[in-house]
*Asks:* 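Just passing along the structure, written as structure tokens.
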Amino acid sequence: KMELEIGLSVGLALFSQHADDADSLVRHAVVAMRQARKYHASFMYYNGEKDGHSIRNLLLGTELRQAIRDRQFVLFYQPKVSLASGDITGLEALVRWDHPAFGLIPPDEFIGLAEQTGAIHELTDWVLEEAMSFLRKLHRRGMRLGISVNISTHNLRDFQLKPRIMELMKHTGIASHDLTLEITENVMMRDIDFAQEVLESLHELGVHISIDDF
């Protein structure tokens, strides 16, 4: 026997007050639902003041998977510098969406969409492969640095994450101690027991784990 606690997030849009046609009502209800999830509320009514990017978000959500396949995403590498010596001690991979119409889009505009649509796994696979391949090029040039990659709470629930990292290490020749996975504190606190199990499994590979915003 197992006891489960189930929560829900409901978005509400009212006819005539929020829209006069079915399509707009559904779209506004979806926007309200996403706001309810964002603020961890049981339900929220549609609020036009918070809907500044709703049409754009719906468009991005439908384009996301194809954008990954079309390699519209790019990585920027932020150096980590030692304050004591001034030396570069590592890199952090930062993903951006180079959208053909909107230009460079920051992650806070598409990571949530990737999680909601399930595309986060494809995106994380691409980021890991791209970052580790870039690091291999640096190592071949004699620059022995490590690299950090941010992962989502959804990645921690993906049982293919560990095998995929092992496959990429074998393919790129990158040692496990050269890779750091960064997880935000709120990800850990949502399901700390499950997260600990997954992270311990990854740590067994020799991969470093970093808790951000702690």
Side-chain angles (χ1 to χ4, degrees), residues 1-68 72-73 94-99 101-127 149-161 181-199 210-214:
K1 183 179 178 179
M2 180 182 296
E3 183 176 333
L4 299 176
E5 292 187 11
I6 300 175
L8 77 162
S9 297
V10 178
L12 302 171
L14 304 180
F15 176 73
S16 76
Q17 180 177 340
H18 297 135
D20 294 323
D21 62 272
D23 289 342
S24 296
L25 276 173
V26 171
R27 183 177 67 81
H28 290 169
V30 171
V31 171
M33 178 190 66
R34 290 174 177 168
Q35 289 294 324
R37 287 178 178 175
K38 179 178 179 180
Y39 295 105
H40 306 289
S42 298
F43 69 92
M44 289 189 74
Y45 286 95
Y46 173 76
N47 185 340
E49 294 180 359
K50 297 180 179 179
D51 190 20
H53 301 289
S54 61
I55 297 177
R56 170 169 157 153
N57 283 348
L58 288 172
L59 178 63
L60 294 180
T62 60
E63 295 179 341
L64 193 54
R65 289 186 186 275
Q66 191 60 47
I68 297 171
Q72 292 180 10
F73 289 85
L94 304 174
V95 64
R96 300 290 186 271
W97 184 351
D98 190 7
H99 194 280
F102 302 127
L104 283 179
I105 301 175
D108 60 346
E109 290 192 35
F110 61 80
I111 292 298
L113 294 173
E115 292 175 338
Q116 292 169 20
T117 60
I120 189 66
H121 304 297
E122 294 177 52
L123 181 58
T124 301
D125 279 353
W126 179 84
V127 170
V149 174
N150 291 282
I151 63 173
S152 158
T153 179
H154 293 255
N155 297 132
L156 291 181
R157 295 189 173 277
D158 181 6
F159 291 104
Q160 293 302 311
L161 179 61
L181 300 179
E182 292 194 358
I183 304 103
T184 56
E185 177 192 6
N186 64 327
V187 168
M188 286 287 293
M189 299 310 293
R190 287 176 193 168
D191 191 344
I192 193 167
D193 292 333
F194 184 87
Q196 182 178 354
E197 180 182 346
V198 174
L199 295 178
S210 174
I211 308 301
D212 196 14
D213 298 330
F214 189 77

*Asks:* Sequence neighbours excluded, which residues qualify as side chain to side chain contact (heavy atoms under 4.5 Å, CB included) partners of Thr62?
*Replies:* Leu59

*Asks:* Which atoms form the tightest heavy-atom contact between Met44 and Ala41, and what is the distance?
*Replies:* CG-CB, 4.0 Å

*Asks:* Should the pair Trp126 and Phe73 be assigned to parallel (<30°), tilted (30 to 60°) or perpendicular (>60°) ring geometry?
*Replies:* tilted

*Asks:* If you take all heavy atoms of Gly118 and Arg65, which pair is closest and at what distance?
*Replies:* C-NH2, 3.4 Å

*Asks:* With Leu104, which residues qualify under side chain to side chain contact (heavy atoms under 4.5 Å, CB included), at least two apart?
*Replies:* Val74, Phe76, Arg96, Asp98

*Asks:* Kindly compute the distance separating CG (Leu12) from CE (Met33), expressed to the nearest 0.5 Å.
*Replies:* 11.5 Å

*Asks:* Output all residues satisfying side-chain hydrogen bond (donor to acceptor under 3.5 Å, both in side chains) with Asn150, sequence neighbours left out; order by chain, then residue number.
*Replies:* Glu92

*Asks:* If a pair satisfies side chain to side chain donor-acceptor pair (under 3.5 Å) and one of its residues is in residues 15-25, list it, with sequence neighbours excluded.
*Replies:* Asp21-Ser24

*Asks:* So, using side-chain hydrogen bond (donor to acceptor under 3.5 Å, both in side chains) as the criterion, who are the partners of Thr124 when residues are at least two apart?
*Replies:* Asn155

*Asks:* Of the non-hydrogen atoms in Ala36 and Ser9, which two are nearest, and what is the gap between them?
*Replies:* CB-CB, 4.0 Å

*Asks:* Only counting residues at least two apart or in another chain, list the ones meeting ring-ring contact (aromatic ring centres under 6.0 Å, His included) with Phe15.
*Replies:* none

*Asks:* Quick check: are there more than 12 heavy atoms from other residues, nucleotides or ligands sitting under 6.0 Å from CZ of Phe102?
*Replies:* yes

*Asks:* Using side-chain heavy atoms (C-beta onward) and a distance below 4.5 Å, is Val127 in contact with Asp125?
*Replies:* no

*Asks:* Looking at CG of Leu156 and CD1 of Ile183, how far apart are the two atoms once the value is rounded to the nearest 0.5 Å?
*Replies:* 6.0 Å

*Asks:* Step by step, work out the side-chain contact (heavy atoms from CB on, under 4.5 Å) result for Leu14 and Tyr46.
*Replies:* CA-CA 8 Å; Leu14 304 180; Tyr46 173 76; over 6 Å; no

*Asks:* Using the test salt bridge (charged side-chain N to carboxylate O under 4.0 Å, His left out), find all partners of Glu182 that sit at least two apart in sequence or belong to another chain.
*Replies:* Lys80

*Asks:* When rounded to the nearest 0.5 angstrom, what distance separates CG in Leu123 from CG in Leu113?
*Replies:* 11.0 Å

*Asks:* Are Gln160 and His121 close enough, and set up right, to give a side-chain hydrogen bond (donor to acceptor under 3.5 Å, both in side chains), and what steps lead you there?
*Replies:* CA-CA 9 Å; Gln160 293 302 311; His121 304 297; over 6 Å; no

*Asks:* Between CG of Leu181 and OG of Ser210, what distance do you get to the nearest 0.5 Å?
*Replies:* 9.5 Å

*Asks:* List for me each residue that meets side-chain hydrogen bond (donor to acceptor under 3.5 Å, both in side chains) alongside Gln72, sequence neighbours excluded, and say none if there are none.
*Replies:* Trp97

*Asks:* Quick check for you: to the nearest 0.5 Å, what is the distance between Phe110 atom CZ and Leu60 atom CG?
*Replies:* 9.5 Å

*Asks:* If you take all heavy atoms of Ile68 and Ala119, which pair is closest and at what distance?
*Replies:* CD1-O, 3.8 Å

*Asks:* With rounding to the nearest 0.5 angstrom, report the CD1 to CD distance, Ile111 to Gln116.
*Replies:* 11.5 Å

